[in-house]
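Structure first, then comments.
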Amino acid sequence: MKHKRSFPLLGTPLGLVIVLGSLITLVELWIMIVVHDALVPAIVPESAWEYFDAVLLTLLIAPSLYFLVFRKMQKDITERRQMEAELRIAAIAFESQEGMTITDANRVILNVNHAFTRITGYSAGEAIGQTPAILKSGRQDDAFYQAMWNSLNRDQYWQGEIWNKRKDGEIYPEWLSITAVTDEGDRVTHYVGAFSDISRHKQAEETIHHLAFYDSLTRLPNRRLLQDRLQQTLSSSARRQRHGAILFIDLDNFKELNNTRGHGIGDLLLIEVTGRLQACVRTDDTVARQGGDEFVIILNDLSAASEQAAVQAEGIAEKIRNAINQPFEPQGREYLTSPSIGICLFGGHNITMDELLKRADTAMYQAKQSGRNTIRFFDPATHAAMETRIALETDLRRAVPENQLRLYYQMQVDHTGCIHGAEVLLRWQHPKQGLVSPLQFIPLAEDSGLILPIGYWVLETACMKLKAWASDPSARHLQLAVNVSARQFRPPDFVEQVCAVLDATGIDPAKLKLELTESLVLDNVNDTIAKMQALKNIGVKTSDAVIVQTIIGMANNLGLNVIAEGVETQAQRDFLERHGCPNYQGYLFGKPVPLAEFEILLLKNKRG
């Protein structure tokens with residue numbers, strides 16, 4: 001292992017000369033000392049002792065000379081090498097990824113690095129001799145630059161975001177740091193600027209902001225930004241004492257388009273609707289997408305008079321209604337839709353944002369209830385009814401799990417008065433309100449979709465009662481009729497649900513009769529008949545008469561001639577005649593026969 005030398009100069013030629021000279025002198029001194037006693041003073045001249053003194057003096061002075069002269073030389077060499085290393089580091093740092101400029105005290109550019117050229121497009125030859133003003137974009141005003149130089153003069157440092165212009169004219173954002181260089185008298189001699197292009201960073205910020213506050217499909221403000229804009233409008237309304245309005249817009253029958261044409265076509269329609277909405281409002285108004293096919297528009301700076309403000313809001317709403325009523329042609333195929341629009345006026349901070357949106361939504365719902373493609377203002381009475389409905393729906397969701405539903409039985413008798421069955425009727429025993437009328441909660445169950453679990457509970461409970469009666473001699477002959485709603489009947493697995501309940505209870509399917517409503521037939525005749533036939537195949541009875549009555553009624557209303565096929569009994573004929581069907585075909589009147597036999601029958605009928 002090498003040891004560090006205490007005297008680096010000894011390794012140099014000069015150091016070797018000094019060492020060798022010192023050794024020779026020491027040898028000479030030793031010889032003189034050894035022979036001093038042997039020689040006679042007469043033999044040694046006086047000059048030898050003078051030489052001895054000179055050598056001794058040299059030995060004493062040489063180390064001092066070494067430390068005073070050569071040590072100073074070594075220090076200078078070390079400092080020079082350190083300075084050279086620092087200069088190399090500074091040169092490398094100067095050519096970093098950041099753009100660098102060095103100016104004099106008058107802001108004239110003295111030097112730039114390669115990153116400066118890469119970012120700005122100006123070469124060193126084009127920049128040197130100019131001032132940084134060649135990069136000014138014009139986006140910052142004089143006040144901005146005045147504040148920047150005030151900071152530099154005070155703190156000798158400034159940093160911040162600034163917009164500059166490249167040689168080709170493109171404006172870009174950069175992060176700039178400027179440091180003032182001063183001399184011993186604290187006078188500024190130079191300015192050093194370091195900057196980086198933050199275009200990508202700004203784009204990333206804008207993307208994140210857009211995702212957070214804008215709808216990705218329509219590029220409209222989303223709910224989050226809508227609330228911010230609405231808060232600003234409320235504040236402005238209170239400050240200026242002018243009215244504003246919320247328009248809540250829902251597209252009629254939009255789900256049908258999605259279901260029949262696909263979500264891609266639905267998205268194209270929403271984009272087109274967005275353009276039409278923006279064309280109908282003023283520059284300072286806000287169009288936002290609430291979600292799905294719902295849009296919200298904030299109208300600000302309406303009249304200070306509520307009546308005039310209502311007229312203004314209705315005028316814009318009517319303009320929107322007419323625009324959306326025009327045909328759409330996504331992918332070249334025409335499609336028609338319409339809006340239901342609810343309006344709620346406001347003035348100042350006398351209402352919360354949530355309450356305001358809720359009222360506009362209530363008005364929109366009222367427009368839907370009024371036949372769609374209409375405009376309705378918020379009505380307090382309607383709002384109160386909606387509040388009651390929402391509360392009742394919340395309670396109804398707990399009805400099945402908390403065992404609040406009841407079945408009532410209305411007897412069915414034959415011509416002798418003998419009971420042969422009953423129709424089960426649903427009742428709701430509310431824990432606070434008592435018995436709730438079916439007219440009140442059945443439509444609510446239909447609209448909310450709760451009719452599906454409720455209908456299944458009714459079917460299951462009725463079948464369990466039939467199972468209990470099966471072991472009772474006085475009741476085993478009874479059958480039960482269960483009403484089935486259109487929404488309950490429509491799912492593809494309805495027949496499978498019935499089969500599952502029959503298998504679970506093990507009852508005789510003939511004891512169960514399903515009562516269907518007329519709306520089922522009007523909705524989808526073929527689907528209804530197919531499911532009724534499937535139920536008939538497993539032994540479950542259905543109300544076929546409903547379908548017959550509905551078809552006859554439709555034909556008569558349209559002025560069409562109708563003929564009933566498959567008539568086999570007199571009872572069937574009488575039923576058809578009572579309900580307005582005058583034409584029949586079936587085995588009751590005759591079976592299919594050859595032409596000759598048919599002609600004979602035709603002659604008999606004519607004579608008769």
Side-chain angles (χ1 to χ4, degrees), residues 220-223 226-227 229-231 233-234 236-238 242-255 270 273-274 276-278 280-282 285-325 337-394 443-444 447-448:
L220 292 176
N222 59 16
R223 293 183 185 180
L226 171 67
Q227 291 183 338
R229 297 275 181 88
L230 184 54
Q231 183 60 58
T233 304
L234 286 170
S236 175
S237 174
R242 298 182 70 87
H243 280 85
I246 287 288
L247 273 59
F248 203 108
I249 303 168
D250 182 272
L251 300 181
D252 300 328
N253 304 315
F254 178 75
K255 291 181 180 178
L270 292 175
V273 167
T274 297
R276 296 188 187 186
L277 291 176
Q278 291 174 321
C280 291
V281 300
R282 303 161 302 175
D285 298 329
T286 297
V287 181
R289 186 185 180 196
Q290 180 78 351
D293 61 335
E294 294 180 342
F295 296 85
V296 173
I297 295 179
I298 304 174
L299 303 179
N300 56 35
D301 201 25
L302 299 179
S303 173
S306 58
E307 296 82 2
Q308 183 61 29
V311 171
Q312 292 172 330
E314 187 175 21
I316 295 175
E318 186 62 32
K319 185 177 179 182
I320 290 171
R321 193 182 71 84
N322 292 331
I324 296 180
N325 270 281
T337 187
S338 59
S340 294
I341 305 176
I343 304 176
C344 183
L345 294 176
F346 62 86
H349 290 293
N350 58 343
I351 185 173
T352 65
M353 291 187 296
D354 290 341
E355 182 63 24
L356 183 58
L357 289 169
K358 189 176 180 181
R359 291 183 178 184
D361 188 19
T362 299
M364 184 276 294
Y365 180 81
Q366 186 181 11
K368 289 279 189 185
Q369 295 295 98
S370 300
R372 303 181 179 182
N373 196 23
T374 56
I375 300 169
R376 290 291 182 272
F377 281 84
F378 170 75
D379 176 53
T382 303
H383 180 64
M386 285 292 297
E387 291 286 340
T388 301
R389 178 187 174 89
I390 292 172
L392 194 63
E393 179 183 333
T394 301
L444 179 60
D447 292 342
S448 64

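Counting only heavy atoms from C-beta outward, the side chains of Pro221 and Thr286 approach each other to under 4.5 Å. Side chains of Pro339 and Asn325 form a contact here, defined as non-hydrogen atoms less than 4.5 Å apart. Counting heavy atoms from C-beta on, the side chains of Arg359 and Ile351 come closer than 4.5 Å. Under the 4.5 Å side-chain criterion, counting only non-hydrogen atoms from C-beta, Val281 is not in contact with Leu247. The shortest side-chain heavy-atom distance between Leu277 and Leu220 does not fall under the 4.5 Å cut-off. Asp447 places a side-chain heavy atom less than 4.5 Å from the side chain of Arg389. With a 4.5 Å cut-off on side-chain heavy atoms, Ile298 and Ile246 count as touching. Residues Leu234 and Thr352 are not in side-chain contact: their nearest non-hydrogen atoms beyond the backbone lie 4.5 Å or more apart.
At least one donor-acceptor pair closer than 3.5 Å links the side chain of Thr374 to the backbone N or O of Ala367. At least one donor-acceptor pair closer than 3.5 Å links the side chain of Arg289 to the backbone N or O of Gly292. Judged by distance alone, the side chain of Arg223 and the main-chain N or O of Gln290 form a donor-acceptor pair under 3.5 Å. Gln278 places no side-chain N or O within 3.5 Å of a backbone atom of Val287 that could act as its donor or acceptor partner. Side-chain atoms of His243 do not come within 3.5 Å of backbone N or O of Gly347 as any donor-acceptor pair. Put simply, the side chain of Arg376 never gets that close to the backbone of Lys368: no donor and acceptor are under 3.5 Å apart. When atom types are taken as modelled, the side chain of Ser237 and the backbone of Thr233 share no donor-acceptor pair closer than 3.5 angstrom. The main-chain N or O of Leu302 is found under 3.5 Å from a side-chain atom of Arg242 such that the two form a donor-acceptor pair.
Here CD of Gln366 is found 11.5 Å from CD1 of Ile343. Values are rounded to the nearest 0.5 Å. Rounded to the nearest 0.5 Å, atoms CG (Leu357) and OG1 (Thr362) are 10.5 Å apart. Between atom OG of residue Ser338 and atom CZ of residue Phe254 there is a gap of 13.0 Å, rounded to the nearest 0.5 Å. Taking CD1 of Ile375 as the reference point, atom CD of Glu318 lies at 4.5 Å (rounded to 0.5 Å). Atoms CD1 and CG, from Ile297 and Asp285 in turn, are 8.0 Å apart once rounded to the nearest 0.5 Å. With rounding to the nearest 0.5 angstrom, the CZ atom of Phe378 is 11.0 Å from the CG atom of Leu345.
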field: Candidate pair Asp250 and Tyr365, rule side chain to side chain contact (heavy atoms under 4.5 Å, CB included), full reasoning
entry: CA-CA 9 Å; Asp250 182 272; Tyr365 180 81; over 6 Å; no

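For the residue pair Phe377 and Ala363, the shortest heavy atom distance occurs at C-CB, 3.8 Å. Heavy-atom minimum distance, Met353 versus Gln227: SD-O, 3.1 Å. Annotation for Glu294 and Met364: closest pair OE2-CE, 4.3 Å, computed over non-hydrogen atoms. Heavy-atom minimum distance, Ala313 versus Leu299: CA-CD1, 4.0 Å. Nearest heavy atom pair, residue Ala317 against residue Ile341, reads O-CD1, 3.5 Å.
Asp252 and Asn373 share no side-chain donor-acceptor pair at under 3.5 Å.
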